[in-house]
Amino acid sequence: MYRFLGWLNVGLLVVMTAPFWLRFLNTHTLRLKGGAYGKTIKFLRTIHKPLGAAILVIALVHAYLALGAFRLHTGSLLWLSIFVAAVLGFSFHITKKRPLFAWHRRAVLLAILLLLIHLIFPSALYYIFG
């Protein structure tokens, strides 16, 4: 079950980041306008915030099922980076201060990097710190 939840989180993260990478692809290659593309981006932006909250909760359940207790792990660092990204995104939503949005994006990039480390070498912290 914990594997399913882990891959569910990966899928949710792909959907959550889709407005960013779809816009990038559209700007540089596709050049679509309005229509289904616009509706898709609008829908993805609408579900972005609830999916962020869902990822935080599902990741905690995933960690509990996989490890049985809190342990310092690459997944712990990943969850922390997603939490920081969520706090920064929520803070931007409330205050509309652009630097918070820039830091939100940076935190998401860090989360994606930590996700790759978590998927490729989940016991990296045990290996480094013994």
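FYI, the numbering just counts along the sequence from 1. Source: prediction; values computed, not measured.
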I need the [X] [atom1] to [Y] [atom2] distance, nearest 0.5 Å.
X    : Y    : atom1 : atom2 : value
H62  : L67  : NE2   : CG    : 7.5 Å
L12  : L5   : CG    : CG    : 10.0 Å
I112 : I82  : CD1   : CD1   : 9.0 Å
S91  : L100 : OG    : CG    : 5.5 Å
I55  : L13  : CD1   : CG    : 5.0 Å

Exercise. So, does H28 use its side chain to make a donor-acceptor pair with the main chain of F24 at under 3.5 Å?
Worked result: yes

For this session: Please check if the side chain of K49 supplies one atom and the backbone of T46 the other of a donor-acceptor pair under 3.5 Å.
Result: no

[X] atom [atom1], neighbour heavy-atom count above 12 within 6.0 Å:
X   : atom1 : value
R23 : CZ    : yes
K96 : NZ    : yes
F90 : CZ    : no

Exercise. Any idea which heavy atoms bring I41 and P19 closest together, and the distance?
Worked result: CD1-CA, 4.0 Å

Exercise. Where do W79 and A59 come nearest, in terms of heavy atoms and distance?
Worked result: CD1-CB, 3.5 Å

[X] with [Y], same ILVMFWY side-chain cluster at under 4.5 Å:
X    : Y    : result
I128 : L72  : yes
I120 : L113 : no
L25  : M16  : yes
L114 : L116 : no
F43  : L22  : yes

Problem set entry | Residues F20, V108; criterion side chain to side chain contact (heavy atoms under 4.5 Å, CB included); working and verdict | CA-CA 11 Å; F20 173 75; V108 170; over 6 Å; no

Exercise. Restricting to pairs with a member in residues 96-124, which pass ring-ring contact (aromatic ring centres under 6.0 Å, His included), not counting sequence neighbours?
Worked result: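 For residues 96-124: H73-H118, F92-F101, F121-Y127.
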
Exercise. Yes or no on side chain to side chain contact (heavy atoms under 4.5 Å, CB included) for F83 and L78, after CA distance, side-chain angles and deciding distance?
Worked result: CA-CA 9 Å; F83 179 75; L78 173 58; over 6 Å; no

Is there a side-chain contact between [X] and [Y] in this structure, where contact means two heavy atoms from C-beta onward sitting under 4.5 Å apart?
X    : Y   : answer
L119 : W7  : yes
L77  : T74 : no
W21  : V14 : yes
L56  : L60 : no

